[in-house]
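All residue numbers in this chain count up from 1 along the given sequence.
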Amino acid sequence: MNESIPSAHSASLTVDELRALRENDPRVRLIDVRTPGEFASVHIPGSYNVPLNLLQEHRNELTADHSDPVVLVCRSGMRADEARKLVDAAGLTGISVLQGGVTAWETAGAPVEKGRGTWSMERQVRFTAGAIVLVSVLAGLAFPPLTWIAAIIGAGLVFSAVTDTCGMARVLALMPWNRAVSCDSGTMLTALTGPDAGGSR
C-alpha cells in the first residue's frame with residue numbers, strides 16, 4: 001500500500017491528503033456543511049450540500065446505511081468540525097474534516113465550481129456586526145443610550161471567540177438568501193447517510 005495515501009479515518013485531512021484519498025477511494029463522500037447559498041456560490045466538484053443546521057435539527061435521526069469514508073467541508077473548517085462532533089455523537093464512523101475548508105482548497109489551486117450564491121458566512125457575520133455597530137454609534141449621537149447596542153454586539157463577538165461558537169451565524173443561516181429554493185431535507189441527508197451518495201450537488 002502506498003504510504004502517502006492517508007487513512008480515511010483520520011480526524012482531519014490536508015488538501016493534498018484529501019486529493020490522494022479521493023483518487024485512491026472513489027467511495028469517499030465529500031459533504032459540504034455550509035448554507036445552500038454559500039454552496040451555490042462556490043464548492044468542490046463532486047461534493048454534496050448537507051447544511052450544518054439540518055444536521056443539528058436531525059441529530060437524533062442520523063444513522064448511516066453505508067461504510068463509505070466521509071469528509072466534511074465548510075469555508076474554513078470550523079463548522080465542519082462542529083458537524084463532525086454531531087455525527088460522531090450519532091455513532092457515524094469514518095468521518096474526517098478538511099483542514100482549512102474550501103478556502104485552503106482554493107488557495108492550493110484545486111478545482112472548484114462557481115455559480116451565483118451568497119457571501120461566505122464569515123463575511124456575512126462581519127458585515128452584519130459592523131453595520132449594527134456603525135448604525136448604533138451614529139444613532140447614539142442623537143440618542144446616547146443606543147450606543148449600548150454596539151457594546152452588546154462587541155460582547156457577543158468576544159463570547160463567540162471565547163466559546164468558538166457564533167449565534168449570529170446561526171441566525172443568518174436561517175435567512176432566505178442562505179436557504180435553498182427547494183430544500184428537501186431527506187434527500188440532503190441521504191448524501192451523508194444513504195446507501196448511495198444521492199444528495200444535492
**Message:** Can you see whether S12 engages Q99 through a side-chain donor-acceptor pair at a distance of less than 3.5 angstrom?
**Reply:** yes
**A191 backbone acceptor or donor facing R29 side chain under 3.5 Å** = yes
**Asked** Hey, quick one: are V171 and I153 part of the same hydrophobic cluster, counting side-chain heavy atoms closer than 4.5 Å, chains of contacts allowed?
**Response** yes
**Prompt:** Less than 4.0 Å between a side-chain N and a carboxylate O, is that true for E38 and R79?
**Reply:** yes
**Request:** Measure across V133 and S136 and return the closest heavy-atom pair with its distance rounded to 0.1 Å.
**Result:** O-OG, 2.9 Å
**Item:** Side-chain donor/acceptor of N49 to backbone N/O of R34, under 3.5 Å
**Value:** yes
**Message:** When you compare the side chain of I31 with that of V73, does any pair of heavy atoms fall below 4.5 Å?
**Reply:** no
**Request:** Look only at the side chain of S160 and the backbone of G156, and say whether a donor-acceptor pair between them is shorter than 3.5 Å.
**Result:** no
**Item:** Spacing of CG belonging to L13 relative to OG belonging to S96, to within rounding of 0.5 Å
**Value:** 4.5 Å
**Asked** Can you hop from V33 to M78 via hydrophobic side chains spaced under 4.5 Å?
**Response** no
**Asked** Should R123 and R126 be marked as a side-chain contact (heavy atoms from CB on, under 4.5 Å) after you check the CA-CA gap, both sets of side-chain angles, and the distance that decides it?
**Response** CA-CA 5 Å; R123 187 177 179 186; R126 291 196 304 269; 3.9 Å; yes
**Message:** If the threshold is 4.0 Å, N to carboxylate O, is there a salt bridge linking R19 and D16?
**Reply:** no
**Prompt:** For the side chain of E57 and the backbone of L54, is there at least one donor-acceptor N/O pair under 3.5 Å apart?
**Reply:** no
**Complete:** For D25 and P69, the nearest pair of non-hydrogen atoms, with its separation, is OD2-CG, 3.5 Å
**Prompt:** Does a side-chain heavy-atom distance below 4.5 Å link T35 with L52?
**Reply:** no
**Message:** Please determine whether residues V135 and L141 belong to a single hydrophobic cluster, defined as Ile, Leu, Val, Met, Phe, Trp and Tyr linked transitively by side-chain heavy-atom distances below 4.5 Å.
**Reply:** no
**Message:** Does any part of the side chain of V97, heavy atoms only, come nearer than 4.5 Å to the side chain of V71, both counted from C-beta?
**Reply:** no
**Message:** Evaluate R84 against D81 for salt bridge (Lys or Arg N to Asp or Glu O under 4.0 Å), listing each step before the verdict.
**Reply:** CA-CA 5 Å; R84 184 179 59 79; D81 194 55; 3.0 Å; yes
**Message:** Are the side chains of L98 and T14 in contact, using a 4.5 Å heavy-atom criterion?
**Reply:** no
**Asked** Quick one: does S47's side chain get under 4.5 Å of F39's, heavy atoms only?
**Response** yes
**Prompt:** Does a side-chain heavy-atom distance below 4.5 Å link V125 with L172?
**Reply:** yes
**Prompt:** So, for D88 and L92, which heavy atoms are closest and what is the spacing to 0.1 Å?
**Reply:** OD1-O, 3.8 Å
**Salt bridge E106-R75, side-chain N to carboxylate O under 4.0 Å** = yes
**Request:** Return the minimal non-hydrogen interatomic distance between A139 and L146, and the atom names on each side.
**Result:** CB-CD1, 3.5 Å
**Asked** Can you find a heavy atom in the side chain of Q56 that is under 4.5 Å from one in the side chain of L86?
**Response** yes
**Prompt:** For L192 and V87, what are the C-alpha separation, side-chain angles and deciding distance, and is it a side-chain contact (heavy atoms from CB on, under 4.5 Å)?
**Reply:** CA-CA 10 Å; L192 171 64; V87 297; 4.0 Å; yes
**Message:** When you compare the side chain of L30 with that of L18, does any pair of heavy atoms fall below 4.5 Å?
**Reply:** yes
**Prompt:** Do you know which two heavy atoms are closest between V112 and P45, and how far apart they sit?
**Reply:** CA-CD, 3.8 Å
**Asked** Closest approach of G140 and T147, non-hydrogen atoms and distance?
**Response** CA-CG2, 3.7 Å
**Request:** Nearest 0.5 Å please: distance from the CZ atom of F127 over to the CG atom of L134.
**Result:** 10.0 Å
**Asked** side-chain contact (heavy atoms from CB on, under 4.5 Å) between I132 and I152: does it pass, once the steps are laid out?
**Response** CA-CA 10 Å; I132 292 173; I152 292 170; over 6 Å; no
**Asked** When you look at M168 and L157, which way does the side-chain contact (heavy atoms from CB on, under 4.5 Å) test go after all the steps?
**Response** CA-CA 9 Å; M168 187 176 289; L157 292 173; 5.6 Å; no
**Item:** Backbone N/O of I44 and side chain of W105: donor-acceptor pair under 3.5 Å
**Value:** no
